[in-house]
Chemist: 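Attaching a single structure in structure tokens format; questions to follow.
Fair warning: this is a prediction, and the values are worked out from it, not measured in the lab.
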Amino acid sequence: MEKNYISMFLLLVAVAYTLAKDFGAKDKKDTNEYKPKLPQTLSRGWGDQLIWTQTYEEALFRAKSGNKPILIIHHLEDCPHSQALKKVFAAHKEIQKLAEKFVLINLVYETTDKHLSPDGQYVPRIMFIDPSLTVRADITGRYSNRLYAYEPSDISLLYANMEKALKLLKTEL
């Protein structure tokens, strides 16, 4: 009788080992296969806790009705410069807090509004638009050949420009 129990126990151990081995191999195989991308939020990684608008037209409406400036980010998902700026923008706590005072939109496509590319269609490009729907040409980055370009090292300038956009909103409107 004892031999039967030992035989049964060894059989169960062998079956369990075989199943565990197959299960582990299946997990490794799944990680190498193509996995579809998860749906993105409107933030596209620029600040998931912030409220982003879906279209440029919606941003214009919200800015005018809410008397808030627009912060518009033109970028591409496969651009290393855009990705680097996005990482710094999303990690910067002060920028994330200040961004709550803006109507936010990030575009991975160009708009038909020629005012949003006054010096070319490069990325990343960050522009400010006031509630009167005027592009703020006086709020620029540090480059003379790409006025609205920012790099990760320019994050303090971007923060200062965000503050400037809010200050101009109070003094001009």
Side-chain angles (χ1 to χ4, degrees), residues 31 35-173:
T31 59
K35 289 188 178 181
K37 287 186 175 181
L38 295 174
Q40 289 186 334
T41 63
L42 291 176
S43 78
R44 295 183 181 93
W46 289 86
D48 291 336
Q49 78 286 359
L50 298 170
I51 298 171
W52 295 84
T53 55
Q54 188 165 5
T55 65
Y56 178 56
E57 292 74 19
E58 178 188 355
L60 293 174
F61 175 78
R62 285 189 180 188
K64 195 159 182 79
S65 62
N67 197 34
K68 286 179 152 185
I70 299 173
L71 185 146
I72 184 166
I73 303 171
H74 294 272
H75 65 101
L76 294 174
E77 291 296 326
D78 59 350
C79 169
H81 303 288
S82 296
Q83 294 302 315
L85 183 60
K86 178 197 308 188
K87 186 176 181 182
V88 173
F89 185 97
H92 198 282
K93 289 182 177 22
E94 291 85 13
I95 281 190
Q96 294 291 304
K97 182 136 181 80
L98 194 59
E100 294 172 358
K101 299 179 181 181
F102 288 84
V103 174
L104 301 168
I105 184 165
N106 64 67
L107 299 175
V108 289
Y109 59 89
E110 285 297 334
T111 66
T112 55
D113 189 340
K114 65 181 184 280
H115 296 100
L116 295 180
S117 55
D119 63 338
Q121 294 185 342
Y122 52 87
V123 292
R125 184 170 79 244
I126 299 178
M127 302 177 77
F128 297 91
I129 303 169
D130 65 28
S132 69
L133 309 185
T134 303
V135 174
R136 296 305 310 222
D138 56 337
I139 303 177
T140 60
R142 68 181 173 112
Y143 304 100
S144 60
N145 61 336
R146 295 173 293 136
L147 294 174
Y148 306 100
Y150 294 87
E151 293 182 359
S153 59
D154 301 328
I155 203 71
S156 59
L157 175 61
L158 177 57
Y159 182 79
N161 282 345
M162 290 170 72
E163 287 182 319
K164 183 178 179 181
L166 291 170
K167 186 184 289 185
L168 290 173
L169 174 67
K170 291 178 183 172
T171 59
E172 292 182 358
L173 298 177

Chemist: Among all residues two or more places apart in sequence or in another chain, which pass the side chain to side chain contact (heavy atoms under 4.5 Å, CB included) test with E163?
Modeler: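 For E163, the residues satisfying side chain to side chain contact (heavy atoms under 4.5 Å, CB included) (neighbours in sequence not counted) are L98, Y159.
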Chemist: I need the full list of salt bridge (Lys or Arg N to Asp or Glu O under 4.0 Å) pairs touching residues 48-57, with sequence neighbours left out, sorted by first then second residue.
Modeler: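 For residues 48-57: none.
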Chemist: K86 side chain to R44 main-chain N or O, any donor-acceptor pair under 3.5 Å?
Modeler: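 Side chain of K86 to backbone of R44, a donor-acceptor pair under 3.5 Å: yes, one is there.
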Chemist: Among pairs that include at least one residue of residues 88-103, which meet salt bridge (Lys or Arg N to Asp or Glu O under 4.0 Å), considering only residues two or more places apart or in two chains?
Modeler: none
Chemist: Any ring-ring contact (aromatic ring centres under 6.0 Å, His included) pairs touching residues 64-86, not counting sequence neighbours?
Modeler: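 Of all non-adjacent pairs touching residues 64-86, those that pass ring-ring contact (aromatic ring centres under 6.0 Å, His included) are W46-H75.
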Chemist: Just jot down the salt bridge (Lys or Arg N to Asp or Glu O under 4.0 Å) partners of R142, sequence neighbours excluded, or say none.
Modeler: E151, D154
Chemist: Go through the structure and list residues passing side chain to side chain contact (heavy atoms under 4.5 Å, CB included) with S156, not counting sequence neighbours.
Modeler: none
Chemist: Okay, side chain of R125, backbone of L116: is any donor-acceptor separation there less than 3.5 Å?
Modeler: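 It does hold such a pair.
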Chemist: Could you work out, with side chain to side chain contact (heavy atoms under 4.5 Å, CB included) as the rule, every residue matching K64, not counting sequence neighbours?
Modeler: L133
Chemist: Can you name the residues that form a side chain to side chain contact (heavy atoms under 4.5 Å, CB included) with F61, not counting sequence neighbours?
Modeler: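 F61 satisfies side chain to side chain contact (heavy atoms under 4.5 Å, CB included) with S65 once adjacent residues are dropped.
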Chemist: Considering residues at least two apart in sequence or located in another chain, which fulfil the side-chain hydrogen bond (donor to acceptor under 3.5 Å, both in side chains) criterion with Q54?
Modeler: none
Chemist: Does some side-chain heavy atom of L85 sit less than 4.5 Å from a side-chain heavy atom of I73?
Modeler: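 No, too far: nothing below the 4.5 Å cut-off.
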Chemist: Closest approach of N106 and S43, non-hydrogen atoms and distance?
Modeler: ND2-O, 3.0 Å
Chemist: Kindly write out the residues that satisfy side-chain hydrogen bond (donor to acceptor under 3.5 Å, both in side chains) with S153, not counting sequence neighbours, or none if the list is empty.
Modeler: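 Not a single residue meets the side-chain hydrogen bond (donor to acceptor under 3.5 Å, both in side chains) criterion with S153.
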Chemist: Assess whether side chain to side chain contact (heavy atoms under 4.5 Å, CB included) is satisfied between Y148 and F128, documenting all intermediate values.
Modeler: CA-CA 9 Å; Y148 306 100; F128 297 91; over 6 Å; no
Chemist: Tell me, please, which residues at least two apart from Y150 pass side-chain hydrogen bond (donor to acceptor under 3.5 Å, both in side chains).
Modeler: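 If we apply the side-chain hydrogen bond (donor to acceptor under 3.5 Å, both in side chains) test to Y150, skipping adjacent residues, the hits are N161.
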